[in-house]
Structures are given as structure tokens and as C-alpha cells.
Chemist: 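Shown below is the structure under consideration.
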Amino acid sequence: MNSAQFSSIMVSAILVQNLVIIYMLCDKNLFKALAAPSTAAVFGCCVTFWTTFASMLAWLADSFILKPYSIEWLSPVVFIIIIAALEIAAEAVISRIFPQKEKLAHRFLTGSAFGSAVFGLVLLNVEVNMRGFFGAAFYGLCAGIGYLAALFIIYSALGRLKFSSPPTVFKGIPIALVTTGIISLAFMGFSNISISYW
Amino acid sequence: MKKNKQKTSPSKKHCAVKNAYVKSAVKSAKNAAKHLSAPKIKNKPADSSSIKKHAKPACEPEVPNKITKIPAAGVKEKDREKENALLDFFKPVKSFLRKTCVIPHLIRLWAIKRTSAAKAEKKIDAHLEIKQRVLSLNPVFVKFIAFVPLLGGATSFKNGILLSCAMIINVVLLNLLLIPVYKFIPAKYRAAVLFALSGIVITPVYAAAKYLVPSVAAGCGIYLPLIAVFAPVLTERKYFGKPRGIMKTAFCAFFNGIGFAAATLLFSFAREIITNGSVYDRPLPYLASIKFKFAAYPAGAFILLAAFAALFRKISGYKGDERDGEK
Amino acid sequence: MYWPAVNGGTVGMNTEELLLRLFAASSPHIRHGDDIKITMGDTILPLVFILAAAVYNTGLRALTLTAVSVVSCVAFEYLYRRLLKQKNSIGDLSAVVTGMITAFCMPVTAPIWFPIIGAFFSVVIVKQLFGGLGNNIFNPAAAAVCFLTVTWPGVMSAFPQATEKFAPFITPANFERGVPVLSSLKNGTLPYNRIFELFIGYTPGNTGTPYILIITISALILLYRRIISWKIPAAFLGTVAVFAFLFPRCPSGRIDSVLFELFSGSVMFAAVFMATDPVTSPVTTSGRLLYGFFCGLITVFIRYFGVYPDGAFFAVLLMNPFVLALDRLGWKFKTKGGGLYYEEE
């Protein structure tokens with residue numbers, strides 16, 4: 001794994017295969033978290049944490065359990081169990097360290113772990129298996145960073161929405177979806193990027 | 001003062017009260033006798049009125065029991081008697097008819113049954129809220145809780161059908177699996193266990209889809225397993241411990257799935273027509289030449305979803321939220 | 001609060017946001033203060049010059065395309081306002097400007113329904129759905145051009161030869177395709193056109209974007225009339241020039257590379273007419289400079305590594321959501337020194 005491969009992984013995870021904008025893995029928790037910048041930042045960091053560690057464990061499970069015995073049809077359950085176990089473990093750790101913030105931590109951790117972003121990323125990561133263990137982990141990390149970047153872009157755009165007046169049937173989530181759609185149109189300029197100069 | 005009160009025993013008190021009552025009764029009797037035998041006083045009308053208030057004999061009632069009939073204008077007494085006689089004649093006829101004639105009886109019974117059936121239907125509707133689950137509180141277009149598989153997976157009608165079937169099966173099975181287990185899960189782990197159970201339920205669906213319709217399953221991509229993420233959101237725990245809970249839970253889950261299915265089918269139908277001008281891979285006669293590949297891209301999916309959401313809101317008469325959104 | 005209120009007034013705003021609203025310190029920021037019509041009318045004049053050059057170079061089809069685009073933009077805006085029973089807004093001439101800019105960013109050989117679809121997307125979805133002029137987040141013309149590029153990449157990249165002239169009402173079917181300068185740069189070969197030819201627009205390209213001389217004159221006119229600010233085009237083009245100097249693509253040297261990168265494609269046109277849109281660009285100085293810088297950066301990135309030959313429109317569309325954040329950053333830089341004031345030009 002040299003730097004060119006790492007940079008291509010980074011570019012593809014953040015720009016070409018952005019979880020929110022290109023793969024549309026944005027559920028209602030994302031729009032709820034965008035209400036305030038602090039919640040959005042914490043939510044994005046949680047998702048980054050899950051994507052990194054879940055993709056590591058999922059790659060291991062895939063390479064040593066699923067592929068050798070040709071049971072790829074079991075992959076959704078295995079990944080779900082990995083994510084759920086990770087979430088329970090993380091919540092136990094955090095409730096030990098910060099006992100007062102248990103409820104808040106529970107809301108954030110369950111909202112980010114059991115959303116579509118983490119599970120979708122794990123499935124995507126395993127589809128392209130030639131990255132190796134460190135490649136998969138780095139891809140997970142960069143996908144999380146891409147999630148944070150997408151949160152930042154959508155938050156900035158929705159902040160501008162405060163000064164707009166769409167029709168009544170569009171107020172709220174529909175106009176946010178249209179905004180995200182036009183952002184995704186802009187991101188399509190990055191499609192099929194190949195970094196061959198460096 | 002208190003001590004004096006405590007010292008008097010209840011029996012003494014009773015005697016005192018009795019004596020007082022007897023005395024007052026004797027007094028009132030004497031007064032009554034005086035007034036009854038009082039001479040007529042002609043020159044003092046004020047006194048006579050006060051005397052008259054007291055001099056009311058007990059036998060004559062003040063208010064008559066029957067309300068006296070006000071005779072109608074122009075109706076004489078004889079005609080009134082005739083009317084009453086006719087009505088009295090028809091009474092036994094009515095009762096005879098009621099007992100023997102079947103048809104009006106049947107009509108009456110049918111009318112009663114119809115109203116009670118309507119009430120029962122409304123009851124069932126109120127319980128299961130079918131219309132709400134499908135139209136006014138659609139999980140995809142109104143509540144926005146399960147729209148991700150639509151955006152990514154419903155690119156053609158076939159994919160839409162597969163996603164809907166998978167969701168309905170997943171939601172119903174998940175709800176039924178949860179009934180015996182739900183009480184024993186501590187609140188902290190509910191989300192995780194729900195997620196894991198949903199994953200266990202999607203495995204046979206995913207495997208069957210990959211085996212039976214591999215091209216369509218490959219077309220859905222990662223959005224077919226993502227159904228497992230959204231099935232727990234469509235569960236309802238209202239009828240879990242109640243009588244006939246299994247049937248009611250199954251119906252609730254089924255109709256939640258139908259809501260998602262309706263949205264998915266509509267969305268995928270529109271998307272395939274706009275993208276390819278075809279339905280179920282069969283090109284339509286005039287629309288096949290007009291193709292907008294944009295609807296297959298993520299941007300088109302977002303905008304189309306927003307358009308459908310606005311349409312559903314318009315149909316259900318959305319007046320706007322205070323917070324301009326939904327919690 | 002779970003959701004930022006649209007038009008929710010000043011509830012829940014902190015001092016900074018209140019001041020932003022009170023001092024109109026972010027877009028839309030109308031320069032003349034009395035009429036949008038004057039601004040738009042002043043913008044239409046240079047566009048008419050470009051249209052004249054286009055008609056001279058490529059025939060009357062340029063006029064047809066522009067006319068169809070303008071008429072459909074105005075018609076869609078009128079119909080939308082009529083259907084939703086809102087005040088008629090075609091009098092502010094912004095639809096005319098959008099139509100002209102959209103028509104200039106497509107090849108002359110585009111079919112006649114092309115600008116109509118672009119007009120629908122730009123006017124109805126990007127502008128009117130958000131509430132009309134002043135309420136939109138994204139530049140309507142940039143969004144329309146990106147939409148057309150993504151959906152019909154073949155049509156948008158089929159440029160005719162520079163010498164060919166086209167009749168107004170016939171859709172060109174078999175025309176000779178020219179090799180634009182950007183394709184040559186991407187392949188690493190020497191471009192077919194010289195720099196002088198690029199300057200006067202004698203090169204395969206869009207309808208209105210290759211006429212660099214006229215665009216420069218238009219930029220000077222708009223600067224003189226105080227409609228656009230010099231900061232955004234300067235930052236945009238400066239960034240592209242710097243990156244072209246540092247990483248040259250043209251085999252004939254760095255200065256040639258700089259000139260070719262600047263004068264080819266639609267970078268000049270986008271920098272002068274699209275990135276400076278008063279509604280969708282920042283107001284503060286540092287905000288504007290950063291906006292131009294990032295637009296240039298993304299343009300260079302897409303040109304060097306992406307599939308689409310020209311990334312200027314995608315860059316403008318990508319930077320549109322960040323305008324408010326850039327303005328807030330610009331305000332922070334400004335108020336470090338002392339009192340609040342907003343940008344005078």
C-alpha cells in the first residue's frame with residue numbers, strides 16, 4: 001500500500017463514493033442531528049468511529065469466515081451482529097467513564113450505529129475486497145470523514161434556507177431533500193476520478 | 001365549655017332533644033288549632049293573607065297530577081273522542097303486525113345489522129388505522145423514516161416489487177418474533193436486539209432473492225440488505241401483551257409494510273417511466289423516446305422523492321407545522 | 001428545536017445571526033439599492049455583445065437557441081408564479097439573464113429542446129421552488145448547465161469546427177467535430193488553436209464562452225457599473241493561473257500553459273458571469289477571496305483528474321452552499337479590528 005493507493009482511497013471515499021451524497025444513506029437521524037452544529041459534529045464523529053471499527057472487524061470476518069466457506073449470503077447478519085456488539089460494548093465503556101451522560105450517549109450511539117450509513121458502508125467495503133485490511137480500515141475512516149464533510153455542506157446549505165420561503169408543502173424535509181439533490185448533482189462532477197499524476 | 005359538653009352523655013342529649021321536639025310539636029298543634037278556628041276578619045286583608053298561608057288543609061293537593069289538556073281551537077269534544085277511539089283501535093293491530101309480519105321485521109333487522117356492521121368496521125379501522133398507515137401517515141412520504149431503500153434501490157419497477165416484498169415479509173416476521181421476547185429485553189439493549197433480530201429475519205429473504213431473482217437482487221445492490229435497518233422502525237408495540245395480540249400485531253405490521261410498498265411501487269414506477277420510458281422492462285409506445293437519465297442518478301432520486309412528498313402532503317391537506325418540520 | 005425553522009423569524013438566533021439579518025450582511029445584496037431591473041439590464045448588455053459575436057461566428061442558430069432559452073425561462077417563471085398565485089416576477093428580468101447564460105454554455109449544435117429542459121430545471125426547481133429571486137441557494141444557470149452536462153454528456157461535449165455556420169431552424173445532424181483545447185490539454189498534446197485564436201473565439205467551444213476578448217470587455221463594463229466585484233474573478237482566475245503555472249499541462253511551457261488554461265473552456269465566462277451572481281456569492285472581502293480560491297481549486301481538480309473537460313460550473317455549484325459559512329468567517333476577520341461595517345466598493 002503506497003501513498004498513491006491511499007490517496008486514491010481517500011479521494012474515492014470522500015468525493016466519488018460519498019456515503020450521504022452519492023449513496024444517499026441519509027436517514028431521519030441525519031436531518032435531526034443537523035439542527036445544531038454541535039450535535040451534527042458529535043453525530044459525524046460517532047459515525048466515523050463506527051465505520052472505522054466495523055469495517056475492520058467486517059473485513060476480518062469476511063476474509064476468515066465468509067469467503068473461505070462460501071457463505072456470503074450470511075454477510076448481512078454477520079455484519080449486523082458485529083455492529084450491534086460493537087455498539088453495546090462502546091455504550092458500556094462510555095457509561096463507565098461518563099456515568100452522568102448515559103442517556104445522551106445512548107441516543108447518539110444508537111442513532112448513529114443503527115442508521116443506514118454504517119451498515120451500508122460495511123456492505124460497500126466488503127464488495128471491493130482487494131484493498132486489504134489496512135485499506136479497508138482507511139476506507140472506513142475516510143468514509144466517516146466524508147460523512148462529516150457532507151454533514152458540513154448540508155448544514156451550511158440548510159442554514160441559508162432560513163432566509164428562503166418555499167411553498168408550504170415543501171417546508172421542512174422536502175426542500176432539504178431538494179437541496180441535497182442539487183449538492184449531489186454538483187458532486188457528480190467528481191465521478192470517475194482517476195489520480196494518475198502523483 | 002368543652003368539659004361541660006363531654007360530661008353530658010348521649011342518652012341525656014337524646015332525651016333533651018326529644019323533649020324539645022315534643023314541646024315544639026305541642027306548640028305548633030296549638031297554633032294550628034287557633035288558626036283553624038280563627039274568626040273571619042273582614043277589614044284586615046294583610047292579616048288574612050298571612051292567615052291564609054298557614055291555613056292549607058293537608059288532603060287537598062296543591063299541584064294536580066295530570067296535566068290538563070288544552071282544547072285545540074275549533075275541535076269539539078266529540079271529534080276528540082273519535083280520534084282517541086281510532087288510535088285505540090290500531091294499537092292491537094300494530095302489535096299483531098309486529099308479531100306476525102316478517103318483512104318489516106327483516107328490514108328493521110337488516111338496518112340494525114348494517115349500522116352495527118358499519119360501527120364495527122369503523123372500530124376495526126380505528127384499531128388498525130389502515131388508511132393512516134398507507135396514506136396520511138405514510139412512513140416514506142409523510143413521516144420520512146424509511147426512504148433510503150427507495151432512493152437507491154427503486155430504480156426500476158422490478159426492483160421496487162422486490163424491495164416491497166422483502167420489507168413486508170421482514171416487518172411482519174420481525175413483529176411476530178418480537179411478541180414473546182420483547183418483555184425480557186432490558187431497555188438499554190432494545191435497539192441492538194431489534195437490529196439483530198431484523199438481520200436474522202432478512203437472511204432467508206436475502207438468500208431467497210439472490211437465488212430466485214439474482215439479476216434483480218444485484219440491481220438493488222446494497223439497498224436490499226438495508227431493509228433490515230428500516231424494518232425495526234416500522235414496528236409497533238401497541239398490541240403486544242393484549243388479547244388477540246398476535247393477529248392485531250400481524251395486521252398492523254402488514255399494513256405498515258403495505259404503506260412502504262405502496263410508496264416504493266409508486267416511486268419505482270415513476271422512476272422507470274422517466275428514466276427508460278418502460279414499465280417492467282417493457283417499453284411504452286410513446287414514452288420510450290423521452291428518457292431522462294437524470295432520474296436514475298442520486299440527484300434525480302432526491303428531487304423525485306421531494307416531489308412525491310409534496311404531492312402526498314397536498315393530498316392530505318398539510319397546513320404546515322409550527323416547527324416547519326416533523327419530530 | 002429539532003429543525004431549523006424556515007422563515008421562523010428571529011426566534012433562537014444568537015447575536016451574530018441577528019446582526020447578519022439586520023445589516024443585510026449576507027447575500028442577497030443588491031448593489032443599486034433601488035431596482036433589480038437596472039442591475040439585470042446592465043448585465044444583459046454585455047451578454048448581447050457576446051450573442052452578436054456568437055452569431056457572427058457560428059450563424060443564426062446561436063440566436064435561435066438563445067431566444068428559445070430566454071422565452072422558456074420567462075414562460076416557466078410566469079407559469080409557476082401564476083399557478084401558485086404569487087406575485088408576477090418576470091419584470092425583474094432575472095429570468096432573461098438566466099436564459100441567456102444557460103444558452104451560452106451549451107454547444108451551438110444542441111437540439112432545440114435542450115435549453116427548454118435546462119430552463120425548467122433552473123427556473124422552477126433551483127430558483128422558484130426556494131421562493132424566487134433572492135431566496136435561492138444555488139446559481140440557477142450553473143445548476144442547469146451541470147444538469148445538462150451530467151444527463152447528456154455526449155451532446156454537451158460535441159463541439160463543431162470553428163469555421164462552421166449553422167442555419168437557425170435545422171437541428172445539426174452530421175457536423176464535423178472539432179477538438180477543443182481542453183481535450184488536447186487533457187491528453188497532454190499541443191492544442192490546435194493559437195492563443196490569439198482563443199482570444200477572439202475562433203475555437204471549438206460552447207455558444208458564448210470562447211469569446212475571451214468580449215468577456216474581458218464585459219467584465220470591465222460590469223466593474224465600471226459596479227455590478228460585480230473584482231475580488232471573485234481575480235481569486236478564481238488567479239488560482240487557476242497559479243496551479244497551471246505550478247503543474248503545467250501544455251508541453252510548450254509554463255506561460256503557455258497558464259494562458260491556455262485561462263482562455264480555454266468556460267472559466268472566464270463562469271468567473272465573470274456566474275461566480276459573481278449577487279444572490280449566491282459572499283459579501284465580505286475574505287469570504288469572496290476564499291470563494292474564488294476554492295472555485296479555482298475545484299475547477300483545476302476536475303480538469304486534471306475528472307472525466308468532464310471543464311469543471312468551472314461544478315465548482316461554482318459546489319461552492320454555493322458554503323456562502324453563508326464563508327461570510328461568517330469573513331465577518332470574524334473583519335470584526336477582529338473593531339466596529340462592524342459592511343463591504344463598500
Side-chain angles (χ1 to χ4, degrees), chain A residues 7-8 11-12 14-16 18 21 28-29 31-37 39-40 149-198, chain C residues 1-9 12-13 17 20-21 26-28 84 86 121 125-126 128-132 134-138 142-143 146-147 149-151 247 249 280 298-299 301-302 304-308 310-328:
Chain A
S7 61
S8 74
V11 166
S12 87
I14 298 179
L15 295 174
V16 182
N18 195 309
I21 292 173
K28 200 165 188 197
N29 290 329
F31 289 112
K32 269 198 206 174
L34 284 174
T39 53
L151 274 178
F152 177 55
I153 296 179
I154 300 177
Y155 176 75
S156 313
L158 294 181
R160 181 79 172 78
L161 258 186
K162 273 187 216 168
F163 305 105
S164 312
S165 52
T168 321
V169 287
F170 272 97
K171 279 188 183 163
I173 295 191
I175 200 73
L177 285 171
V178 175
T179 315
T180 317
I182 302 176
I183 293 173
S184 120
L185 174 66
F187 262 75
M188 293 192 77
F190 291 122
S191 62
N192 296 329
I193 276 192
S194 60
I195 301 200
S196 52
Y197 274 93
W198 300 346
Chain C
M1 268 183 69
Y2 276 85
W3 189 250
V6 173
N7 271 350
M13 283 189 183
E17 293 184 54
L20 272 175
R21 290 205 86 163
S26 184
S27 330
L84 266 79
Q86 290 173 5
F121 188 77
I125 296 180
V126 179
Q128 291 298 338
L129 203 64
F130 288 84
N135 293 323
N136 49 323
I137 305 176
F138 301 96
C146 287
F147 163 71
T149 314
V150 152
T151 318
F247 308 107
R249 281 203 294 180
T280 54
I298 297 171
T299 310
F301 188 76
I302 296 180
Y304 279 39
F305 303 119
V307 167
Y308 300 109
D310 200 0
F313 307 117
F314 291 104
V316 171
L317 196 63
L318 258 173
M319 286 308 295
N320 278 141
F322 293 110
V323 162
L324 202 62
L326 285 172
D327 262 339
R328 286 205 181 111

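Source: prediction; values computed, not measured. Chain letters run A, B, ... following the sequence lines, proteins first, then strands; residues in each count from 1.
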Chemist: State, to 0.1 Å, how close G189(A) and I302(C) come at their nearest heavy-atom pair, and which atoms those are.
Modeler: O-CG2, 3.8 Å
Chemist: Sort T39(A) into side chain, backbone, both or neither according to what part of it lies under 4.5 angstrom from a heavy atom of chain C.
Modeler: neither
Chemist: Would you call F138(C) and L185(A) a side-chain contact if the rule is heavy atoms closer than 4.5 Å?
Modeler: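 No. Closest side-chain heavy atoms not under 4.5 Å.
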Chemist: If we ignore hydrogens and angles and just use 3.5 Å, is the side chain of S156(A) paired with the main-chain N or O of F322(C) as donor and acceptor?
Modeler: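 Between the backbone of F322(C) and the side chain of S156(A) there is no qualifying donor-acceptor contact (under 3.5 Å).
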Chemist: Do you know the tightest heavy-atom contact between F152(A) and A325(C)?
Modeler: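 For F152(A) versus A325(C), the nearest heavy atoms are CZ-CB, 4.5 Å.
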Chemist: Distance check, rounded to the nearest 0.5 Å: F163(A) atom CZ versus I137(C) atom CD1?
Modeler: 11.0 Å
Chemist: What pair of heavy atoms forms the shortest contact from Y308(C) to S191(A), and how long is it?
Modeler: CE1-OG, 4.0 Å
Chemist: At a heavy-atom separation under 4.5 Å, does V307(C) approach chain A through its side chain, its backbone, both, or neither?
Modeler: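 V307(C) touches chain A through backbone and side-chain heavy atoms alike.
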Chemist: For residues I175(A) and L129(C), report the shortest heavy-atom separation together with the two atoms involved.
Modeler: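 Here I175(A) and L129(C) meet closest at CD1-O, 3.8 Å.
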Chemist: So what's closer than 4.5 Å to chain C heavy atoms on I154(A): side chain, backbone, both or neither?
Modeler: neither
Chemist: Return the minimal non-hydrogen interatomic distance between P167(A) and L84(C), and the atom names on each side.
Modeler: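 Looking at all heavy atoms of both residues, the shortest contact is CG-CD2, 3.9 Å.
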Chemist: May I have the step-by-step check of side chain to side chain contact (heavy atoms under 4.5 Å, CB included) for L161(A) and F130(C), ending in yes or no?
Modeler: CA-CA 8 Å; L161(A) 258 186; F130(C) 288 84; 3.7 Å; yes
Chemist: Answer yes or no: is there a side-chain heavy-atom contact under 4.5 Å between F190(A) and F301(C)?
Modeler: yes
Chemist: Can you tell which part of F313(C) gets under 4.5 Å to a heavy atom of chain A, answering side chain, backbone, both or neither?
Modeler: neither
Chemist: Less than 4.5 Å to any heavy atom of chain A: does that hold for the side chain of I298(C), its backbone, both, or neither?
Modeler: side chain
Chemist: Between CG of N320(C) and CD1 of I182(A), what distance do you get to the nearest 0.5 Å?
Modeler: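 The CG atom of N320(C) sits 9.5 Å away from the CD1 atom of I182(A).
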Chemist: For the residue pair R160(A) and N136(C), what are the closest heavy atoms and their distance?
Modeler: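 Where R160(A) meets N136(C) most closely, the heavy atoms are NH2-O, 3.3 Å.
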